[in-house]
K.L.:
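My questions all concern the structure below.
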Amino acid sequence: MAMAAALVLIVFASVLFHFVSPWWATPLASNWRQMDDTLTITFVITGIFFVLINLFLVYTLLRFRHREGRIAAYAPENKRLERWLIIATSVAIMGLLAPGLFVYAAYVTTPANALQVEVVGQQWQWRFRYPGASGKLGRSSIDLVSAANPFGLDPADPSGRDNILVNNNEMHLPLNKPVKMLLRSQDVLHDFFVPPFRARMNMVPGMVTSFWFTPDKPGRYEVLCAQLCGVGHSGMRGYVVVEDEASFQHWLTAQPTFAQTMAPPSASGALAAAPTAAAAAIGGSGANTDAMVAQGKALSESKACVACHTVDGSPRVGPTWKGLFGKTETMENGSTAQVDETYLKNFIRNPQARVVKGFTPMMPKIEMTDAELEALVAYIKSIGVPPPAAPKQQAQQ
């Protein structure tokens, strides 16, 4: 009787919790209501079977409980029961799978007027590429990936020279316009997931996967990686900003093209000119140093350094950056090294060359230009410099 009562209680509590649960899906912000409908069908079918199976167990516990003088009959085959079980199970499985097949077929059949956007995933950061005036995405290859060309675009392909590159974790999309997402990964398995869009897809190294959706509510939505891609997986986040067409075009024209990013330093603007100016200012103060520190902070976020390193002194996967510059680190082999600019640059360029005691050597090698490296070191240095001593109180004189 106790077991039967427990099963009834579990069934009742489970059904009640489903209706009063605070954990519901995020508000829908795309055209994929079919995803919600398919999930509802799955809940209904599995819920009905959960209740029926457990109540059947309760019935058998009560109906066939032990009684004096009763002997169980051995009945190894019951063809009538087997037929009903096969029919019921088959119908239930078809009910679960069939709606999903139709929805998936529509999910990967892209409308002709869809805007193509490429997403590149890498531990632990996102990058985005839009077609330029030509309306085409140029060729890309993993063999062409470098610090100066993180998308691996082919400079010889004229279709790619006007491609618009977003080398940070925030992308923009126009409202109520179909978008085809082309997904690539440069290292391990990732998954581009925006919960309010009900849209996600695995990103497999060596191939391009795709899906489409139409964002139908303006807003700022968080991007997640839905595959466990490494120790910094939880920090692999970004944002999608959905806005009207005019705002989207204004943002898009402010982003650099591939040709601009590959231009010689003299023509590429302040960013390429930053190393020389900042290198002279890094030890002092002024607008150049402030600009480099700000650039370094932005890089630490866009390249997902913050997934492993904190700036408040709290421990994480890697050493905190607070007070790091000037500190003497002890290595796993017992040697020591002072953290200066050379140490930081060498460590970022080749993170597996040394192992800091107490930390696992799992930092990935992140491609950076010399300018980016200078800026990131400047930012780390700004965190490590101790605050200036407070002036003595005049009252003590």
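Atom set for the values below is all heavy atoms of this structure, side chains included, hydrogens, waters and symmetry mates excluded.
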K.L.:
Dump the intermediate steps for side-chain hydrogen bond (donor to acceptor under 3.5 Å, both in side chains) on Thr257 and Asp162, then the final yes or no.
P.N.:
CA-CA 5 Å; Thr257 64; Asp162 65 350; over 6 Å; no
K.L.:
Side chain of Gln125, backbone of Gly121: donor and acceptor closer than 3.5 Å?
P.N.:
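Not a single qualifying donor-acceptor pair exists.
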K.L.:
Would Thr310 and Thr320 count as a side-chain hydrogen bond (donor to acceptor under 3.5 Å, both in side chains) here? Give the steps.
P.N.:
CA-CA 5 Å; Thr310 69; Thr320 180; 2.9 Å; yes
K.L.:
Do Thr336 and Thr328 have a side chain donor and acceptor closer than 3.5 Å?
P.N.:
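Side-chain D/A pair, Thr336 to Thr328: absent.
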K.L.:
Between Val8 and Leu62, is there shared hydrophobic-cluster membership here, with clusters defined by ILVMFWY side-chain heavy atoms closer than 4.5 Å?
P.N.:
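Looking at the clustering, Leu62 is in the same group as Val8.
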K.L.:
Quick check against the 3.5 Å criterion: does His309 have a side-chain atom that pairs as donor or acceptor with the backbone of Pro319?
P.N.:
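At least one qualifying donor-acceptor pair exists.
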K.L.:
Does Arg349 come within less than 4.0 Å of Asp370, counting only side-chain N to carboxylate O?
P.N.:
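So Arg349 pairs with Asp370 through a salt bridge.
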K.L.:
Side-chain contact, heavy-atom cut-off 4.5 Å: Val117 with Leu137?
P.N.:
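SC-SC contact between Val117 and Leu137 ruled out.
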K.L.:
Can you confirm whether Leu165 sits close enough to Arg129 that some side-chain heavy atom of one is under 4.5 Å from a side-chain heavy atom of the other?
P.N.:
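SC-SC contact between Leu165 and Arg129 confirmed.
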K.L.:
Could you state the interatomic distance from OG (Ser140) to CG (Asp154), rounded to the nearest 0.5 Å?
P.N.:
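That separation rounds to 9.0 Å.
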K.L.:
Does any non-hydrogen side-chain atom of Val108 lie less than 4.5 Å from one of Thr209?
P.N.:
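Thr209 vs Val108: side chains apart.
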K.L.:
To the nearest 0.5 Å, tell me how far Arg184 CZ sits from Met203 CE.
P.N.:
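That separation rounds to 9.0 Å.
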K.L.:
Any chance you could measure Thr38, atom OG1, to Arg33, atom CZ, to the nearest 0.5 Å?
P.N.:
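Between atom OG1 of Thr38 and atom CZ of Arg33 there are 12.0 Å.
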K.L.:
Taking all atoms of both residues into account, what is the closest heavy-atom pair of Gly95 and Ile41, and its distance?
P.N.:
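Shortest heavy-atom separation between Gly95 and Ile41 comes out as O-CG2, 3.8 Å.
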K.L.:
Closer than 3.5 angstrom, by distance alone: can the side chain of Arg161 be matched with the main-chain N or O of Gln260 as a donor-acceptor pair?
P.N.:
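Between the backbone of Gln260 and the side chain of Arg161 there is no qualifying donor-acceptor contact (under 3.5 Å).
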K.L.:
So that I know where these two stand, are Tyr239 and Trp126 an aromatic pair - ring centroids less than 6.0 Å apart?
P.N.:
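No, ring centres 6.0 Å or more apart.
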K.L.:
Do other residues, nucleotides or ligands put more than 12 heavy atoms under 6.0 Å from Lys327 NZ?
P.N.:
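For Lys327, atom NZ is not crowded (no more than 12 foreign heavy atoms under 6.0 Å).
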K.L.:
Got Pro215 and Phe213 here, is their nearest side-chain heavy-atom distance under 4.5 Å?
P.N.:
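A side-chain contact exists here, since the closest heavy-atom pair is under 4.5 Å.
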K.L.:
Counting C-beta onward and ignoring hydrogens, is there a side-chain heavy-atom pair between Leu252 and His172 closer than 4.5 Å?
P.N.:
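Not touching, per the 4.5 Å side-chain cut-off.
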K.L.:
Are Asn169 and Arg237 side-chain neighbours, meaning at least one heavy-atom pair lies under 4.5 Å?
P.N.:
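The answer is no, as the side chains (C-beta and beyond) never meet within the 4.5 Å cut-off.
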K.L.:
Take Asp244 and Phe248 through the side chain to side chain contact (heavy atoms under 4.5 Å, CB included) test and state the conclusion after the steps.
P.N.:
CA-CA 6 Å; Asp244 59 80; Phe248 169 71; over 6 Å; no
K.L.:
Can Tyr343 be reached from Tyr379 by stepping across I, L, V, M, F, W or Y side chains whose heavy atoms are under 4.5 Å apart?
P.N.:
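Linked, Tyr379 and Tyr343 end up in one cluster.
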K.L.:
In the hydrophobic clustering (ILVMFWY, side-chain contacts below 4.5 Å, transitive), which residues join Phe19, or is it alone?
P.N.:
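Besides Phe19, the hydrophobic cluster comprises Ile10, Val11, Val15, Phe50, Val51, Leu55, listed by chain and residue number.
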K.L.:
Are the side chains of Arg200 and Phe192 in contact, using a 4.5 Å heavy-atom criterion?
P.N.:
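The answer is no, as the side chains (C-beta and beyond) never meet within the 4.5 Å cut-off.
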K.L.:
Taking the ring of Trp32 and the ring of Tyr107, is the distance between their centroids below 6.0 Å?
P.N.:
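Distance test on ring centres: under 6.0 Å, yes.
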K.L.:
Answer with yes or no whether the hydrophobic clustering places Val120 together with Leu144; edges join I, L, V, M, F, W, Y residues whose side-chain heavy atoms lie under 4.5 Å apart.
P.N.:
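In one cluster with Val120: Leu144, no.
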K.L.:
With no hydrogens and no angle check, is any side-chain donor or acceptor of Glu222 less than 3.5 Å from a backbone partner on Gly238?
P.N.:
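Side chain of Glu222 to backbone of Gly238: no pair is present.
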K.L.:
Check whether Phe211 and Val103 end up in the same hydrophobic cluster, where Ile, Leu, Val, Met, Phe, Trp and Tyr are linked by side-chain heavy atoms less than 4.5 Å apart.
P.N.:
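Per the 4.5 Å side-chain linkage, Phe211 and Val103 are co-clustered.
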K.L.:
Are the side chain of Asn163 and the backbone of Lys136 linked by a donor-acceptor contact shorter than 3.5 Å?
P.N.:
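Side chain of Asn163 to backbone of Lys136, a donor-acceptor pair under 3.5 Å: yes, one is there.
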K.L.:
About how many Å separate CD1 of Ile45 and CG of Leu96, when rounded to the nearest 0.5 Å?
P.N.:
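With rounding to 0.5 Å, CG (Leu96) is 4.5 Å from CD1 (Ile45).
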K.L.:
Using every non-hydrogen atom in the two residues, find where Met171 and Tyr130 come nearest and quote the distance to one decimal.
P.N.:
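Heavy atoms only, the tightest pair is CB-OH, 3.5 Å.
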K.L.:
Would you find a donor on one side and an acceptor on the other, under 3.5 Å apart, between the side chain of Thr109 and the backbone of Ala106?
P.N.:
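No, because the side chain of Thr109 does not come within donor-acceptor range (under 3.5 Å) of the backbone of Ala106.
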K.L.:
Evaluate Leu189 against Asn202 for side chain to side chain contact (heavy atoms under 4.5 Å, CB included), listing each step before the verdict.
P.N.:
CA-CA 7 Å; Leu189 187 65; Asn202 278 344; 4.3 Å; yes
K.L.:
How far apart are the closest heavy atoms of Val166 and Phe151, and which atoms are they?
P.N.:
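That closest heavy-atom pairing would be O-CZ, 3.8 Å.
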K.L.:
I want to know whether Phe43 and His18 have ring centres closer than 6.0 Å.
P.N.:
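Between Phe43 and His18, the centre distance is under 6.0 Å.
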K.L.:
Nearest 0.5 angstrom please: Tyr104 OH to Phe102 CZ, how far?
P.N.:
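One finds 15.5 Å between OH of Tyr104 and CZ of Phe102.
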K.L.:
Table please: side-chain donor-acceptor pairs of residues 71-84 below 3.5 Å, with sequence neighbours left out.
P.N.:
residue, atom, partner, partner atom, Å
Asn78, OD1, Arg80, N, 3.3
Asn78, OD1, Leu81, N, 3.1

K.L.:
Output yes when Arg198 and Asp36 qualify as a salt bridge under the 4.0 Å nitrogen-oxygen rule, no when they do not.
P.N.:
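Yes, Arg198 and Asp36 are salt-bridged.
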K.L.:
Report yes or no: does Asp187 contribute a side-chain atom to a donor-acceptor pair with the main-chain N or O of Gln122 at less than 3.5 Å?
P.N.:
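No, the answer is negative, given that no donor and acceptor are paired below the 3.5 Å cut-off.
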K.L.:
Under the criterion side chain to side chain contact (heavy atoms under 4.5 Å, CB included), I'd like the reasoning laid out for Thr89 against Val91: C-alpha separation, chi angles, the key distance, then a yes or no.
P.N.:
CA-CA 6 Å; Thr89 304; Val91 170; over 6 Å; no
K.L.:
Ion pair present between Lys357 and Glu329, side-chain N to carboxylate O less than 4.0 angstrom?
P.N.:
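Result for this pair is no, no salt bridge flagged.
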K.L.:
Determine whether the aromatic ring centres of residues Phe197 and Tyr221 are separated by less than 6.0 angstrom.
P.N.:
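Yes: the rings meet the under 6.0 Å criterion.
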K.L.:
Counting distance only, does the side-chain N/O of Arg354 pair as donor-acceptor with the main-chain N or O of Pro351 below 3.5 Å?
P.N.:
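No, Arg354 side chain to Pro351 backbone: no donor-acceptor pair under 3.5 Å.
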K.L.:
Once rounded to the nearest 0.5 Å, what's the spacing between atom OG of Ser134 and atom CG of Asp157?
P.N.:
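Going from OG on Ser134 over to CG on Asp157, the span is 8.5 Å.
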K.L.:
Under 6.0 Å from the CH2 atom of Trp24, do we count more than 12 heavy atoms belonging to anything else shown?
P.N.:
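Correct, the count exceeds 12.
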K.L.:
When you measure from the side chain of Ser335 to the backbone N and O of Met331, does any donor-acceptor pair fall under 3.5 Å?
P.N.:
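No: the side chain of Ser335 does not pair with the backbone of Met331.
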K.L.:
Do Leu324 and Trp321 have side chains that approach each other closer than 4.5 Å (heavy atoms only, starting at C-beta)?
P.N.:
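Answer yes - side chains close enough.
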K.L.:
Keeping the roles fixed (side chain from Asn346, backbone from Thr342), state whether a donor-acceptor pair exists under 3.5 Å.
P.N.:
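Yes.
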K.L.:
Could you check Leu183 against Ser210 for side chain to side chain contact (heavy atoms under 4.5 Å, CB included), going step by step and ending with a plain yes or no?
P.N.:
CA-CA 6 Å; Leu183 310 175; Ser210 66; over 6 Å; no
K.L.:
Decide, yes or no, whether a salt bridge links Glu118 with Arg127 under the criterion of side-chain N to carboxylate O below 4.0 Å.
P.N.:
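Salt bridge between Glu118 and Arg127, a charged N being under 4.0 Å from a carboxylate O: no.
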K.L.:
Phe359, Ile383: one ILVMFWY side-chain cluster at the under-4.5 Å cut-off?
P.N.:
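As far as the 4.5 Å side-chain criterion goes, Ile383 and Phe359 are connected within one cluster.
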K.L.:
Would you find more than 12 non-hydrogen atoms of other residues, nucleotides or ligands less than 6.0 Å from Met3 atom CE?
P.N.:
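Counting other residues, nucleotides and ligands, CE of Met3 stays at 12 neighbours or fewer.
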K.L.:
Could you tell me whether the side chains of Thr214 and Asp216 share a donor-acceptor contact shorter than 3.5 Å?
P.N.:
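Result is no, nothing qualifies.
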K.L.:
Using the test ring-ring contact (aromatic ring centres under 6.0 Å, His included), find all partners of Phe193 that sit at least two apart in sequence or belong to another chain.
P.N.:
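Phe193 satisfies ring-ring contact (aromatic ring centres under 6.0 Å, His included) with no residue once adjacent residues are dropped.
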